Amino acid sequence: MDSDLQRYLDDLVGTARDVLGADLVGAYAAGSVGLGAYQAGRSDVDVALLSAGPLTEATKQTLVARLRHEALPCPARGLELVVYDRAVAASGTPEPGFEVELNTGADMPFRRTLDPADRPVADGRFWYGLDRSILHQSGLALLGPPAEEVFADLAPADLRRLLIAALTWWLALPTPPADQPAPGTEDAVLGACRSLVRHRDGVWLPKVAAGQRLIDAGDRTEVLQRAVAARHGGPPPTGAQARAFQQRVRDEIAG
């Protein structure tokens, strides 16, 4: 692991322990770190904390104050932190169910949500169940029991519904104008690849690895090749290409 990232995660866990004490059951690296695809300078740091029970409002506020970028500088683009009650993590619920959500970093818009009811519906409520499914498979334990023992996976019907909801949300975003390469479309395409591989093969892969798996399986469409190449400095797909691929993936998952 990148040494700056390792120090940051150690400090984050130590700070969380200072705030939560014995109520801190575990801490887990998710996202690109958990999947072994972290890229310094590009990736976010995704962390899930597990508490023994619901947190008080005061504890939530203190945790945010101690972990936000201004108090504990994140060496990546930003930190995406979610805190779950242990019972929620073990339930396999598709609902958000979090205690605290914190997005913070030098290059990341600040977000602090202390109750799932306050999360704007327009921002999507599918993220959390999908993230816990990834944690169940690939969460890296920084503290506490193995992730697969504390995070339950989603039921197949719930997984399918959330994958469709995620693709529908992405498709509702504005399409970049003109038929020119559009920055960011590679992430939209590769995110759809990861959803499709999970649906077909039952495994979560890093985004680029998911795109490459589809190419190796015979899906050699230009949009996939451009999306993978864009991660290595090539031009990204156009907005129209990305949108058409996302639609195709959503249609397949929807059956």
Side-chain angles (χ1 to χ4, degrees), residues 16 20 22-35 44-57 59-60 63-64 67 79-103 111-170 172 191-192 194-205 249-250 253-255:
L20 299 179
D23 286 335
L24 180 62
V25 174
Y28 303 88
S32 59
V33 178
L35 288 166
D44 302 329
V45 177
D46 298 273
V47 175
L49 301 179
L50 211 58
S51 65
L55 302 181
T56 66
E57 186 78 8
T59 299
K60 294 178 182 182
L63 195 61
V64 168
L67 293 181
L79 167 70
E80 294 188 348
L81 175 87
V82 187
V83 184
Y84 295 108
D85 177 345
R86 175 171 55 186
V88 170
S91 71
T93 177
E95 300 303 317
F98 59 81
E99 293 292 309
V100 177
E101 175 187 39
L102 172 65
N103 291 357
R111 179 193 290 273
R112 179 201 65 177
T113 313
L114 306 183
D115 188 316
D118 296 332
R119 168 83 181 188
V121 175
D123 290 347
R125 296 174 61 82
F126 51 83
W127 306 98
Y128 312 94
L130 295 177
D131 284 347
R132 292 194 298 269
S133 178
I134 296 173
L135 279 160
H136 172 78
Q137 175 196 285
S138 299
L140 175 64
L142 308 172
L143 174 74
E148 65 181 10
E149 295 180 7
V150 292
F151 290 96
D153 204 353
L154 292 163
D158 288 331
L159 173 68
R160 184 180 181 212
R161 178 169 60 83
L162 293 189
L163 290 175
I164 293 169
L167 287 158
T168 301
W169 183 86
W170 278 103
R194 183 164 66 180
S195 294
L196 185 57
V197 169
R198 178 62 177 84
H199 172 70
R200 287 180 178 177
D201 302 339
V203 63
W204 290 107
L205 295 180
V249 170
R250 188 181 70 171
I253 294 174

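Treat the numbers as computed from the prediction; the structure is a model and nothing was measured.
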Does any N or O in the side chain of Gln137 come within less than 3.5 Å of the main-chain N or O of Trp204, such that one atom is a donor and the other an acceptor? yes

Side-chain heavy-atom pair Pro145, Tyr28 within 4.5 angstrom cut-off: yes

If only atom types and distance count, is the side chain of Ser51 paired as donor or acceptor with the main-chain N or O of Gly53 below 3.5 Å? yes

Any donor and acceptor pair, going by atom type alone, linking the side chain of Trp169 with main-chain N or O of Ala122 inside 3.5 Å? yes

Can you tell me how far CG of Asp131 sits from CD of Glu80, rounded to the nearest 0.5 angstrom? 8.0 Å

How long is the gap from CZ on Arg132 to CD on Glu95, to the nearest 0.5 Å? 9.0 Å

Check whether any side-chain N or O of Arg198 sits under 3.5 Å from a backbone N or O of Ile134 as a donor-acceptor pair, and report yes or no. no

State the CG-OG1 distance between Asp158 and Thr93, to the nearest 0.5 angstrom. 7.5 Å

Between Leu167 and Ala192, the two heavy atoms sitting closest are CD2-CB, 3.9 Å

Step-by-step side-chain contact (heavy atoms from CB on, under 4.5 Å) determination, Leu55 to Leu114: CA-CA 10 Å; Leu55 302 181; Leu114 306 183; over 6 Å; no

Taking every heavy atom of Tyr84 against every heavy atom of Gly97, the minimum-distance pair comes out as CD2-O, 3.9 Å

Would you please classify the geometry between the Tyr128 ring and the Phe98 ring as parallel, tilted or perpendicular, with 30° and 60° separating the classes? tilted

Checking Asp153 against Ser133: is there a side-chain donor and acceptor pair closer than 3.5 Å? yes

Taking all heavy atoms of Arg160 and all of Ile253, pick out the closest pair and write down the distance. NE-O, 2.8 Å

Quick one: does Arg119's side chain have a donor or acceptor within less than 3.5 Å of a partner on Gly124's backbone? yes

Quick check: closest heavy atoms across Leu130 and Ala166, and the distance to 0.1 Å? CD1-CB, 4.2 Å

So does Val150 get a backbone contact from the side chain of Arg86, meaning a donor-acceptor N/O pair under 3.5 Å? no

If you measure from CZ on Phe126 to CG on Leu163, what distance do you get to the nearest 0.5 Å? 10.0 Å

Is the count of non-hydrogen atoms from other residues, nucleotides or ligands lying under 6.0 Å from Arg112 atom CZ greater than 12? no

Is there a side-chain contact between Leu154 and Leu162, using heavy atoms and a 4.5 Å cut-off? yes

Strictly distance-based, threshold 3.5 Å: is any side-chain N or O of Asp85 a donor or acceptor partner for the main-chain N or O of Ala87? yes

Do the side chains of Val33 and Val47 get nearer than 4.5 Å, heavy atoms only? no

Within this structure, what is the OG1-CD distance for the pair Thr56 and Glu99, rounded to the nearest 0.5 Å? 9.5 Å

Under 3.5 Å, is there a donor-acceptor pair between the side chain of Asp44 and the main chain of Asp46? no

Under a 4.5 Å cut-off applied to non-hydrogen side-chain atoms, are Asp23 and Thr59 in contact? no

Quick check: does any side chain N or O of Arg125 sit under 3.5 Å from a backbone N or O of Pro116, one acting as donor and the other as acceptor? yes

Heavy atoms only: give me the nearest Ala89-Leu50 pair and the separation to one decimal. CB-CD1, 3.5 Å

Arg194 and Leu35 have their tightest heavy-atom pair at NH1-CD1, 3.7 Å

